[in-house]
There are 2 protein chains.
Amino acid sequence: MTPTTDRGAPAGYNPSQFPAFAVTVDVVILTMSGGSLHVLLVRRGEDPFEGMWAVPGGFKRPDETLDEAAKRELREETGVDAASLVTQFGAYGDPGRDPRMNVVTVAYLAVLRDVGAIAAGTDAADAALTSVSDVLNGKLQLAFDHQRIVRDAVERVRLELEASGVATAFVGTTFTMAELRAVYEAIWGVQLDAANFRRSVVADDGWVIPTGRRARPGAAGGKPAELYRAGQLWKQGGPIRYPHKAEKRKGTR
Amino acid sequence: MTPTTDRGAPAGYNPSQFPAFAVTVDVVILTMSGGSLHVLLVRRGEDPFEGMWAVPGGFKRPDETLDEAAKRELREETGVDAASLVTQFGAYGDPGRDPRMNVVTVAYLAVLRDVGAIAAGTDAADAALTSVSDVLNGKLQLAFDHQRIVRDAVERVRLELEASGVATAFVGTTFTMAELRAVYEAIWGVQLDAANFRRSVVADDGWVIPTGRRARPGAAGGKPAELYRAGQLWKQGGPIRYPHKAEKRKGTR
DNA sequence: AAAGTTATGGTCTTGGCGACCAGAACTTTG
DNA sequence: CAAAGTTCTGGTCGCCAAGACCATAACTTT
C-alpha cells in the first residue's frame with residue numbers, strides 16, 4: 001500500500017509488501033487542580049474529530065526514540081522541559097481508530113505540579129485542564145480512543161502511586177503534609193488519617209526533608225504546617241500503601 | 001516538519017509526507033523448565049541478524065488489533081490458542097533498531113505451562129527454550145534490541161506475580177503446593193517457608209481448589225502431596241506478597 | 001478573650017507475616 | 001520387616017506495620 005521511507009533495503013527486499021503505519025505518541029498530562037485529578041486536553045482544529053477535545057500528541061520522527069518524542073511533545077505543548085515523570089504505559093493500534101489511515105500510537109503518562117499557568121502560555125489553539133471524572137464518566141467525549149487512553153493512564157498512576165514516589169511530582173518543590181496527603185486521597189478516592197499518614201512518611205529519613213519554614217494557614221485559620229521538600233528515596237518506592245480494607249475475609253478481595 | 005498538536009491531515013492529505021513505519025509484535029514466551037525461568041527463542045533465517053536467536057514476532061496487519069496480532073503470532077509459533085496470559089508491556093522504537101527500515105515493535109508477555117513439546121511440533125526453522133539468565137547476563141546474544149525486551153518482560157512478570165495470579169499459568173491444570181511455590185521462588189529468587197506459603201494460599205477459599213487426588217512422590221520419596229487446581233480468584237490478584245525484608249529500617253527500602 | 005480550625009504527637013489494638021517446631025505419611029534402604 | 005530419610009502439613013510464638021482514636025499545641029478569625 002503506502003510506500004515506506006526506503007532506507008537501504010537488502011537486495012530483493014521490497015518494503016511495500018509490508019503494511020505501513022503512522023506512529024504517534026500521545027501524552028496524558030495529569031495534575032492536581034482544586035483537590036481533584038485533572039488532565040490537560042487540547043481542542044482539535046482539523047479533521048478528523050475537528051472541534052473535539054483530545055490528548056496532546058504528534059507524529060514520531062524516524063530519528064528520535066519514543067521517549068524523546070514524548071518529551072518533545074510535552075515540551076512543545078507545555079514548555080516544561082524535564083518532566084517529573086514521563087512513563088510509557090501502552091500502545092494502541094485498533095484498526096479504524098483513526099479513520100484516515102493506519103495509526104499506532106504509543107501513550108505516555110506525565111505528572112506535573114501545576115500545569116495551569118504553563119498551558120495558558122502555549123500557542124495551542126485551545127488547551128484546558130479538565131476534570132478526569134468528566135472524561136471517565138463520558139460527560140466529555142474525546143476524539144479517537146482517547147477516553148480509553150486516559151482511563152488506562154489513571155489506572156497506571158494509581159498503581160505507580162504505591163510502587164514509586166510519584167506523589168511528590170504532583171506537589172510543588174515545598175509542600176505540607178496535608179498537600180501530599182490530598183494527592184493520595186484524590187487519586188485513590190480514600191480518606192487517610194492525618195496523624196498516621198504523617199508518621200508513615202516521616203518514619204524513615206529520606207522521604208521528606210523538613211525545611212525550617214512554615215506555611216501560611218488557609219482562610220479558615222489553624223496551626224501553620226511545616227514545609228517539607230522531597231528527599232531522594234522517592235525514586236525507589238513510596239511509603240504509603242493502598243488501604244486494602246474491603247477484603248473482610250471470605251470471597252472478597 | 002510535522003505539526004504538533006495537529007496529528008490530523010487536511011483534506012487532500014498525502015500519507016507519504018508523514019514518516020512511515022513498519023509495526024511488529026514480539027511475544028516473549030516464558031515458562032518454567034528444570035526449576036528455572038526459560039524463554040522461547042527462534043533462530044532467524046534471514047537478514048538482518050541471520051542465524052542469531054530472537055524473540056518470535058511478526059508484522060501487525062492493518063485489519064487486526066495489537067492483541068490479536070500477538071495471539072496470532074503465539075498461535076503460529078507454538079500452536080497454543082488461548083494463552084493463559086498475554087499482556088502488552090512495552091513499545092520499542094529506537095532509531096536504527098532495525099537496520100533495514102523504521103520499525104516500531106509492541107512487546108507482549110505470554111506465560112505457558114510447558115512449551116517444550118509444543119515448540120518442537122512447530123515448523124519454525126529452529127526453536128529452543130533458553131535459560132533466561134543466559135540471555136540477561138549476555139552469554140547468549142540476541143538480535144535487534146531483544147535482550148532489553150526480554151529483560152523488561154522478566155521485570156514485568158516479577159511485578160505481575162505479586163499483583164495478579166500469573167503463578168498458576170506456569171504450572172499445569174493440577175499442581176502441588178511445592179510446584180506453585182517453586183514458581184515464586186524461581187522468579188523472585190527467594191526462599192519461602194513451605195508451611196507459611198501453604199497457609200497464605202489456602203487461607204481464603206477461591207485461590208486453589210483441592211482435588212481429592214495425591215501426586216506421586218519424587219525419586220527421593222516423602223509424603224505424597226495433595227493435588228490442587230486453580231480457582232477463579234487468581235484473576236484479581238495473588239495471595240503471596242514479595243518479602244520486602246531487606247528494609248531493616250533506616251535508609252534502605 | 002473566646003471559639004474555631006488545623007497540625008501533630010501519643011496510645012492501644014488488631015492482624016498479617018515470618019521463624020521455628022513437631023508430627024504425619026510415605027518412600028527407599030539395610 | 002525395621003530403620004532411616006524425605007516431604008508434607010498443621011501448630012505456636014513473637015514481631016511489627018497499620019489503623020482507630022484521643023489529646024494537645026498553635027494559630028486563625030470573630
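First the proteins, then the strands, lettered A, B, ... as listed; each starts at 1.
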[X] [atom1] to [N] [atom2], straight-line distance once rounded to whole Å:
X: A:L192; N: D:dC21; atom1: CG; atom2: C1'; answer: 16 Å
X: B:I240; N: C:dG16; atom1: CD1; atom2: P; answer: 14 Å
X: B:Y242; N: C:dC17; atom1: OH; atom2: C1'; answer: 16 Å
X: A:R241; N: D:dG19; atom1: CZ; atom2: P; answer: 8 Å
X: A:Q191; N: D:dA20; atom1: CD; atom2: C1'; answer: 13 Å
X: B:E162; N: C:dC17; atom1: CD; atom2: P; answer: 10 Å

Non-neighbouring partners of [X] that pass side chain to side chain contact (heavy atoms under 4.5 Å, CB included), sequence neighbours left out:
X: B:A178; value: B:T176, B:R181
X: B:A195; value: B:D193, B:R199
X: A:R216; value: none
X: A:T65; value: A:D67, A:E68, B:D94, B:P95

If we fit an axis to the first five pairs and another to the last five of the helix from C:dA1-D:dT30 to C:dG30-D:dC1, what angle do they make, to the nearest 10°?
10°
With sequence neighbours left out, write down each residue that passes salt bridge (Lys or Arg N to Asp or Glu O under 4.0 Å) with B:E160, or none if nothing qualifies.
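Expected list: B:R156.
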So, using salt bridge (Lys or Arg N to Asp or Glu O under 4.0 Å) as the criterion, who are the partners of A:R151 when residues are at least two apart?
none
A:Y92 side chain to A:D152 side chain, donor-acceptor N/O pair below 3.5 angstrom:
yes
Would you mind building the protein contact string for nucleotides 6-12 of chain D? One character per nucleotide, 5' to 3', B for base within reach (heavy atoms under 4.0 Å), S for sugar-phosphate only, - for untouched.
BBBBBBB
Please tabulate, for the side chains in residues 132-139 of chain B, all donor-acceptor contacts under 3.5 angstrom to protein atoms that are two or more places apart in sequence or on a different chain.
{"from": "B:S133", "atom 1": "OG", "to": "B:S131", "atom 2": "OG", "distance (Å)": "2.8"}
{"from": "B:N137", "atom 1": "OD1", "to": "B:K139", "atom 2": "N", "distance (Å)": "3.0"}
{"from": "B:N137", "atom 1": "ND2", "to": "B:S133", "atom 2": "O", "distance (Å)": "3.2"}

